Every structure is written in structure tokens, then in C-alpha cells.
2 protein chains.
Amino acid sequence: MTDRKKKILAVALELFANDGFSATSTKKIAKEANVSEGLIFRHFENKKGLLNALVQQAIARISVILIPILNEKNPKEVIQKTVELPFNIDKSEYPFWKLQFKLKWENDYESNEKMQPLLDHLAWAFTTLGYPEPEKEATILNHIIESISIGILRDGVHSQESLKTFLIEKYNTPTK
Amino acid sequence: MTDRKKKILAVALELFANDGFSATSTKKIAKEANVSEGLIFRHFENKKGLLNALVQQAIARISVILIPILNEKNPKEVIQKTVELPFNIDKSEYPFWKLQFKLKWENDYESNEKMQPLLDHLAWAFTTLGYPEPEKEATILNHIIESISIGILRDGVHSQESLKTFLIEKYNTPTK
DNA sequence: GTCTATAGGATGATAGAC
DNA sequence: GTCTATCATCCTATAGAC
């Protein structure tokens, strides 16, 4: 992959994430990437193809991010690491995650089967810990970290930070 | 307000919600509303003005929806009604809520201070019930219903339905 | 209030040279 | 691989008639 192609992808990620896919013109991408507009269509068939390339990158990246959790064999650690997930997002990765969440509203991108492995592993963790409704417990925790992630991406980590230890403690003293 | 103006608003709501603001042309709105394109610009200064009109409608509508909860004086009922909120969204209101959630990603729409009264009332309810961290508890519940709402809008009520009674029971047997 | 016609510019995409 | 030049289409918005 050439530097210019990488640059196009990087700029497109940023602009699609911040301004949205339809609101971002290929002209603007080319300008910010210091590249001719025609080059975009040489590397990617069309504008949609550029987005698809970003989505493919994302699928790979997410599965990498999940590895440490999926390999964790201590159920309490699985839960804690899951809770910590949104709080560990580096600012440089905000555009990446923003685009993911925005795409959930795009009709032709069937969203998160990417997160299904996490959901399954969470359910296993809750089962092991003796929770009466492990699947539902997993779904709720997933909802929580999704919404916290959205809050962080919009208003920064600090806006949600106090919830981190609160949640960790909460899941260390379960109702049962 | 004339019938045609109402129709424009209704069609615009639907299209903005489903396809997005930028991806929806005024031409398409006019066509689906059986109205001339020029009329849109007579009634609303420009396309953005049309969106603003929808946002104004939404602010009013949301505060109406919250009234029954904010007037509730039984703290347990406050929580239960909050949990039920997303499950009671009528299908005809999906476009309305979809647009709300999509707008949260739009940089120039400072989102939910509209929900702040609910958050405050929830915090009060948790305080009354003796929860040690009522504000955080309220924030978490708010996160949960936000994410559940998103799930319902994308995949229908049935996709989340089992969580309803699960959550209600969960909040009836608190950890403390 | 509503429609038709149209201006003026932006947009996605292609062709051809280097 | 990359750029320049260009095309056809679409888009928002306005003007003027009814």
C-alpha cells in the first residue's frame, strides 16, 4: 500500500467520522490529503468503495482489540477488562470508533456481529460467577459500555470517568 | 400551519431519520410530499432551517413525553417507568427517535440537555431509596435505556423485550 | 400559498498524459 | 501511481407568475 493511498484512507476516516459520509466530498478528501481527486477513484472504485475499505480495516482492528479479553480465563477479569474498554480508547482512535457508531445508523451496514464474541464471552463469565441470568447480564453490560463509549467519543473521557470504578465495584459485589 | 407545510415536515422527518440529513435532497422531499421544491424554501429559509424546525418540534415533544415520569412521586415507580420508556415507543414514532439519536453525532447540535430533567429525577429516586451513589446509578440507568432504545430502533422491540422485566426485577432487589 | 423555470455551483466519476 | 482537465448530473436556492 502506497503512502498516498494510506493518506487517503486516514483523511477519509477522519472526515467521514466527523462530518459524515454523505457530507464529505471526494474533493475535500483529496484536498486534505494533498492528492488529486482522480487518484481516489483509481485506488477505490468509487466513494462507497473507499468507505468499504475503511470498514474492512475496522473489522480487522476490532477483532485485534478484543483478543486480550477473549483470551482471559478469569471471569472477574473478563468483566473488569470489558468495563475498562471504553476508558482505554486513545484519542487518536476517536475517529475510528466514531465512524463505527455512526455506521450503525446506516441502513446497509449490518452492525455488530463484530462484538458478538465479546457478548458470548461475557455470558460465559457471568455463568461461571453464578449469575441467574448470564445472557441478559451480558447484554446489559454491553449496552452500558456502548453508551459510555458514545459519551466518551462525544464529550471526552472525563465526562464518564467516575463511572469506571463505580462499575467495577458494582460487578464485584453482585446481587445474586 | 398549512397541510402542505405539515406534510413537508412529516416527509422530511422520515427521510432525514432513515437516510440522513445530507443524503436527503430537497428534491426528494418535495417529490414524496407531492409538493413543489420551491415551497420548501418558502416555508423554511433553507434546508437547514427545515431541520431546525424538526428539532424544535422534538424539544417540545420530548418534554411532553417526560411529564408522567417527572410528576411521579413514588421513587420505585420513577425507575420502573424509566425502564419501560424505550419499550413503549410506538412504531410510528421511530423516525422521530431515530433522528434524535442521529443528531447526537452532528457536531452542531448540542444534544441532551433535553434528558437532564429525567436524570435529575432519577437521581432523586435513587437517593430516596437509599442507594449509596444515586447520581452514578442514575447515569448508568440512563445509559442502559439509551442503548436499549438504539437497539429497538434498529432491530425492533422484540430484540430487547426480554430485558424489560429483567431490569425491573433487578431494580426491585438492589445490592445496597 | 403554491407552482414552474432556472440560475449557479458542487458532486461523483472518467479519460488521457506523464 | 499520479495528475490535470473535463463531463454529466444533481443540488440548493431564487424569481416571477398565478
Side-chain angles (χ1 to χ4, degrees), chain A residues 1-58 60 95-96 98-100 102-103 105-109, chain B residues 1-58 60 95 98-99 102-103 105-109:
Chain A
M1 175 129 50
T2 64
D3 282 357
R4 292 191 118 95
K5 188 172 179 183
K6 278 185 210 158
K7 192 73 198 294
I8 291 170
L9 283 166
V11 168
L13 173 60
E14 190 111 1
L15 291 177
F16 288 168
N18 286 328
D19 304 340
F21 176 73
S22 299
T24 302
S25 65
T26 50
K27 187 174 185 177
K28 193 174 179 188
I29 295 170
K31 195 178 174 186
E32 291 212 15
N34 290 315
V35 149
S36 71
E37 198 177 351
L39 190 60
I40 293 174
F41 295 93
R42 288 279 158 189
H43 282 306
F44 315 91
E45 320 88 289
N46 49 36
K47 193 185 167 189
K48 192 74 182 294
L50 174 52
L51 177 60
N52 287 336
L54 288 171
V55 169
Q56 287 312 310
Q57 281 192 337
F96 168 79
K98 263 192 182 179
L99 185 57
Q100 291 311 301
K102 281 199 179 184
L103 283 178
W105 292 107
E106 230 62 34
N107 297 324
D108 43 349
Y109 280 98
Chain B
M1 176 126 53
T2 64
D3 281 358
R4 291 190 119 95
K5 189 172 179 184
K6 277 186 209 157
K7 192 75 197 294
I8 291 170
L9 284 165
V11 169
L13 173 61
E14 190 111 1
L15 291 176
F16 288 166
N18 286 329
D19 304 340
F21 176 72
S22 299
T24 302
S25 66
T26 49
K27 186 175 184 175
K28 193 173 179 190
I29 295 169
K31 194 178 174 187
E32 291 214 14
N34 290 313
V35 149
S36 71
E37 200 177 350
L39 190 60
I40 294 174
F41 296 92
R42 290 277 158 190
H43 281 308
F44 315 92
E45 320 87 292
N46 49 35
K47 192 185 169 189
K48 192 74 182 296
L50 173 54
L51 177 60
N52 287 336
L54 288 171
V55 169
Q56 287 312 311
Q57 281 191 338
K98 265 193 180 176
L99 184 58
K102 282 199 178 182
L103 283 178
W105 292 106
E106 230 61 36
N107 297 322
D108 43 348
Y109 281 97

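A quick note: this is a predicted structure, and the numbers were derived from the prediction, not measured. Throughout, protein chains are lettered first and strands after them, A, B, ... in sequence-line order, and every chain is numbered starting at 1.
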Undergrad: So is B:K48 actually on top of B:F21's ring, under 6.0 Å and inside 45° of the axis?
TA: no
Undergrad: Indicate every side-chain donor-acceptor pair of residues 26-35 of chain B with a distance under 3.5 Å to a residue at least two apart or in another chain.
TA:
{"from": "B:T26", "atom 1": "OG1", "to": "B:E37", "atom 2": "OE2", "distance (Å)": "2.7"}
{"from": "B:K28", "atom 1": "NZ", "to": "B:D19", "atom 2": "OD2", "distance (Å)": "3.2"}

Undergrad: Would you mind building the protein contact string for nucleotides 5-14 of chain D? One character per nucleotide, 5' to 3', B for base within reach (heavy atoms under 4.0 Å), S for sugar-phosphate only, - for untouched.
TA: ------SBBB
Undergrad: Examine B:K102 relative to B:F16 and say whether NZ or CZ is less than 6.0 Å from the centre of the six-membered ring and inside a 45° cone about the ring axis.
TA: no
Undergrad: What range of DNA chain C does chain A touch, first nucleotide to last, counting atoms under 4.0 Å from its heavy atoms?
TA: C:dT11 to C:dG16
Undergrad: For DNA chain C, what dot-bracket results from Watson-Crick or G-U pairs at under 3.5 Å, with [ ] for crossers and | for inter-strand partners?
TA: ||||||||||||||||||
Undergrad: Can you tell me how far apart NZ (B:K47) and CG (B:N52) are? Round to the nearest 0.5 Å.
TA: 12.5 Å
Undergrad: Could you grab the distance from atom CG of A:L15 to atom CG of A:L50, nearest 0.5 Å is fine?
TA: 10.0 Å
Undergrad: Name all residues meeting the ring pair (Phe, Tyr, Trp, His ring centres under 6.0 Å) criterion together with A:F96; count only those two or more places apart in sequence or in a different chain, and write none if there are none.
TA: none
Undergrad: Please enumerate all residues that pass ring pair (Phe, Tyr, Trp, His ring centres under 6.0 Å) together with B:F41, with sequence neighbours excluded.
TA: none
Undergrad: Out of curiosity, A:Q56 CD to A:L51 CG, how far, rounded to the nearest 0.5 Å?
TA: 10.5 Å
Undergrad: Show your reasoning for whether side chain to side chain contact (heavy atoms under 4.5 Å, CB included) applies to A:M1 and A:L9.
TA: CA-CA 11 Å; A:M1 175 129 50; A:L9 283 166; 3.8 Å; yes
Undergrad: What heavy-atom pair brings B:L13 and B:P95 nearest, and what distance separates the two atoms?
TA: CD1-O, 3.9 Å
